[in-house]
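Here the structure comes first, spelled out in structure tokens, and everything after it is commentary.
Every chain is numbered from 1 and lettered A, B, ... according to where its sequence line falls, protein lines coming before strand lines. We use all heavy atoms of the structure for the numbers below, so side chains are in, but hydrogens, waters and symmetry mates are not.
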Amino acid sequence: MSERPVIRPREKGDVPDDPLSRLRHSASHVMADAVRRLRPKAKVTIGPAIENGFYYDFDTEPFAPEDIEKIEAEMAKIVAQDLPFVRKVVSRAEALRLFADQGETFKVEIIQSIPEGDEISLYQHGDFVDLCAGPHIERTGQIKAFKVLSFAGAYWRGDERNPQLQRVYGTAFASKDDLKAHLARLEEAKRRDHRVLGKQLDLFSVDELVGPGFVLWHPKGAIVRTVLEDMIRRELVRRGYQAVFTPHVAREQLLEKSGHMAHYKENLFGGMELDGQRYLVRPMNCPFHIAIYRSQLRSHRELPIRYAELGSVYRYERSGVLHGLLRVRGFTQDDAHLFLREDQIEEELAGCVRFGLDILRLFGFADVKAFLATRPENFMGEKAAWDRAEAAIRRVLEAAGMPFEVDEGGGAFYGPKIDLKIRDAIGREWQCTTFQLDFQMPERFDLEYVAPDGSRQRPVMIHRALFGSMERFMAVLIEHFAGAFPLWLAPVQARVLTVSEKADVWGREVQARLLAADLRADADLSADKLGAKIRRAQMEKIPYMLVVGERDMAARVVSPRTRDGQQMPATPLDELAQRLAAEAVPPVLGATPAEKKPTG
RNA sequence: GCCGGCCUAGCUCAGUGGUAGAGCAUCGCUUUCGUAAAGCGAGGGUCCCCGGUUCAAUCCCGGGGGCCGGCUCCA
């Protein structure tokens, strides 16, 4: 099963034509004009509006950071001139001549790729003419709020075999306030960056010596992960899954059989040869679970079989793509493989979707969208089976009342799949959960079960992961909660803060009582003043700060304060311990699962 | 992998062709304090690594590594 990428909002294909996109598209023309004024030799290519702004790609020398202001200043002049955008339809020959004369070889290439018979239009403002389908705003003066954001290398037509161009990113909004709000959102996202918070909160690190893309979970990060894992394990049992453990290394033949050697070779990690045998570190768990399935003859009565494992896998990812916990080279999937009869597809998928939604809701991810990827050109297996499977998926999603989009032909060659996308606290979308139907692996491994009539039948597989990977989900959670984990997840749930040394005895007793109530509690008995202790605890985003001074000690109470700065009335220790313990229990999942236990 | 930027104390960052600094953290002493930083003092550096230029390199040049923004990729 693949670890799915983050879906960063991005336009592709169709040209959007809402007013804001139109404004941004026009702003990209103005930017291209500005760059051409600054660098007459720069060749222009394309410059579309995108989700939160626009970009334009140029064939020119790389830009330097100080070019941002220069380009902005030049753009401001063009805006101030309030030039009209003029549309003009020209013949193919005219267009070709115009851009060829200017040496705009990329534009010439674009014109040549426009289907014969399509209208070719130009948009001009001032002296700047661009090949463009439009539409645009009326005048440059309408661009009231814009900003050049960054530079990047980008390949011509997005193909890395093509020359690399210089991309300039910018954004534009209808008003200065909107722009300001957007820049504030960018700041907020930066503030929540899991890489920054991971360091500040001492959750994890990546060490150059250990290797890029390999995560070291520090004690506090390990607590969060353990809580998540415990919750998963508990739910797996409730839903009829069986936990298995399998090795992280295997003989090369296993991955040859699974097709990974052929289809996944460039991502395989660390081959080694021992005793004349070649071994590889695993990039996926499925072949191992399949090996367990194959260890004995299976009856139709046993199905569905659901093997689950928090399976660590290693994949070589190109160095430039690594990113915090979101894109790593070693990670642990909350993986499971279901082996079923074809007539069980619908019910099992429904169970998977329910399971996934239940889990996601625990973290406050209520806005979940599904994406159904259907049969691609080079599909494997029988068309009729695909049709049945896709129909089953649609029924499942409809029954679950889930909005879903269809990605026609976007499925893997071995089967259709469903991905769930969640929206986090500041509106960004992430994809973690995935369910993939697989007709191919059972074939490759010649999996069978004995049908009621005694015949040997081939099972279908479902690969599924709910968190996707522990690493990725952790990153999403850190950013979603901005590091302030809910009580049940917080590495330190409560910290005792003594006002002075005189309360140390009581402070220790309070901590002991909390520990006895299964709370993750520590105590700050340092010689610092209370204000400093509070500040430290605040920065660690500890949910409860329990202030104890001499007054509290005398009354056998504690004075709690929450991390949102709220002071609560002094509370007797026992009462507080019970209350916090009750509040710290991991949330219970929804309806009792309907899945039946596999018969043993 | 590709384009660009960056790498200085544990962390965040100043800085210079003549081998280096701040704040926080750490350690010691003083302070015993009631809701977001008490005071004083001390220790701490292969200025990412390897080569080159130079009388002299943390600084300039070349190569390598890592990180960051993108691109490409993510069966």
Please list each protein N or O that sits under 3.5 Å from an N or O in nucleotides 2-5 of chain B, with the distance.
| residue | atom | partner | partner atom | Å |
| --- | --- | --- | --- | --- |
| B/rC2 | O4' | A/Tyr155 | OH | 3.4 |
| B/rC2 | O2' | A/Gln164 | OE1 | 2.1 |
| B/rC2 | O2 | A/Tyr155 | OH | 3.3 |
| B/rC2 | O2 | A/Gln164 | NE2 | 3.0 |
| B/rC3 | O4' | A/Gln164 | OE1 | 2.6 |
| B/rC3 | O2' | A/Gln166 | NE2 | 3.4 |
| B/rC3 | O2 | A/Gly153 | N | 3.3 |

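To the nearest whole angstrom, the two C1' atoms, one in B/rU32 and one in B/rC49, are 50 Å apart. Annotation: B/rC59 and B/rG52 have their C1' atoms spaced 15 Å apart (nearest Å). Nucleotides B/rU58 and B/rG21 are separated by 13 Å at their C1' atoms, to the nearest Å. Rounded to a whole angstrom, the distance from the P atom of B/rC27 to that of B/rG64 is 42 Å. Spacing between B/rG39 and B/rU31 at atom C1', rounded to whole Å, works out to 8 Å. Rounded to the nearest Å, the gap between the P atom of B/rG18 and that of B/rG4 is 29 Å. B/rG10 and B/rA56 have their P atoms separated by 30 Å, given to the nearest Å. When the P atom is used for both B/rC67 and B/rC11, the distance is 15 Å, rounded to whole Å.
Nucleotide B/rG34 forms no Watson-Crick or G-U wobble pair with any nucleotide shown, as no partner meets the under 3.5 Å limit on both distances. Pairing of B/rC6, defined by two Watson-Crick or G-U wobble distances under 3.5 Å, is identified with B/rG66. Under the Watson-Crick or G-U wobble criterion, with both distances below 3.5 Å, B/rC60 is paired with B/rG52. If you check B/rA14 for Watson-Crick or wobble pairing at under 3.5 angstrom, you find it has no partner at all. Within the shown strands, B/rG1 is the pairing partner of B/rC71 under the Watson-Crick or G-U definition, both distances less than 3.5 Å. Across all strands shown, B/rU19 remains unpaired; no Watson-Crick or G-U wobble contact has both distances below 3.5 Å. In this entry B/rU26 has B/rA42 as its Watson-Crick or G-U wobble partner, both defining distances falling under 3.5 Å.
Distance from the side chain of A/Tyr169 is smallest to B/rC71 among B/rC71, B/rA36, B/rC73. Here the side chain of A/Glu208 is nearest to one of B/rG65, B/rA36, B/rG34, namely B/rG65. With distances taken from any side-chain atom of A/Ser559 to the nucleotides B/rC74, B/rU35, B/rG1, the minimum falls on B/rU35. Residue A/Ala532 places its side chain closer to B/rA37 than to any other of B/rC33, B/rU35, B/rA37. Of the candidate nucleotides B/rU12, B/rU32, B/rG34, B/rG34 has the atom nearest to the side chain of A/Val547.
Ring-centre distance between A/Phe146 and A/Phe173: not below the 6.0 Å cut-off.
The interatomic distance linking A/Arg167 (CZ) with B/rG70 (C1') rounds to 8 Å, in whole Å. Regarding A/Glu317, its CD atom lies at a distance of 13 Å from the P atom of B/rC73, rounded to whole Å. When rounded to the nearest whole Å, the span between CD of A/Glu51 and P of B/rG70 equals 14 Å. What separates CG of A/Leu216 from C1' of B/rG10 is a distance of 16 Å, to the nearest Å. Atom C1' of nucleotide B/rC27 and atom CG of A/Asp528 are separated by 14 Å, given to the nearest angstrom. Across the protein-nucleic acid pair, A/Gln431 atom CD and B/rC74 atom P stand 14 Å apart, rounded to whole Å. A/Arg329 places its CZ atom 11 Å from the C1' atom of B/rG1, with the value rounded to the nearest Å. Whole-Å rounding puts the A/Leu268 CG to B/rC74 P distance at 15 Å.
Note on ring orientation: taking the six-membered ring where Trp is involved, the planes of A/Tyr56 and A/Phe58 are parallel (angle under 30°, cut-offs 30° and 60°). Under the 30°/60° scheme for interplanar angles, the aromatic rings of A/His463 and A/His337 are found to stand perpendicular. The aromatic rings of A/Tyr314 and A/Phe214 are tilted relative to each other, their planes meeting at an angle between 30° and 60°.
Within the structure, every side-chain polar atom (N or O) of A/Arg161 is placed at least 4.0 Å from both OP1 and OP2 of B/rC73. Put simply, A/Lys533 has no side-chain N or O that comes within less than 4.0 Å of OP1 or OP2 on B/rG34. Applying the 4.0 Å criterion to OP1 and OP2 of B/rC71, one finds that A/Tyr55 has every side-chain N and O outside that range. Close to B/rG69, at under 4.0 Å from its OP1 or OP2, lies a side-chain N or O of A/His323.
Judged by distance alone with a 3.5 Å cut-off, a donor-acceptor contact links the side chain of A/Arg327 to the base of B/rC73. Not a single donor-acceptor contact under 3.5 angstrom links the side-chain atoms of A/Arg535 to the base of B/rU35.
At a threshold of 4.0 angstrom between heavy atoms, the contacts of A/Arg195 are confined to the sugar-phosphate backbone, with no base atom among them. Looking at heavy-atom distances under 4.0 Å, A/Asp552 makes contact with a base.
Counted by atom type alone, A/Thr171 and A/Asn52 present zero donor-acceptor pairs between their side chains at under 3.5 Å.
Both A/Glu501 and A/Pro212 lie close to RNA chain B; mapped to their nearest nucleotides by heavy-atom distance, the more 5′-ward contact belongs to A/Glu501. Toward the 5' end of RNA chain B, the nearer of the two residues A/Gly158 and A/Lys502, judged by each one's closest nucleotide, is A/Lys502.
In this structure, A/Pro560 and A/Val547 have side chains that are not in contact, with every pair of non-hydrogen atoms separated by 4.5 Å or more.
Side chain of A/Arg563 to backbone of A/Glu540: no donor-acceptor contact under 3.5 angstrom is found.
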Please assess A/Gln511 against A/Asp522 for the test side-chain hydrogen bond (donor to acceptor under 3.5 Å, both in side chains), listing each intermediate value before the final yes or no.
CA-CA 6 Å; A/Gln511 185 197 1; A/Asp522 63 12; over 6 Å; no
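Ion pairing between A/Lys257 and A/Glu443 fails under the 4.0 Å rule for side-chain N and carboxylate O. We find that A/Asp424 and A/Arg192 are not joined by a salt bridge, their nearest charged nitrogen and carboxylate oxygen being 4.0 Å or further apart.
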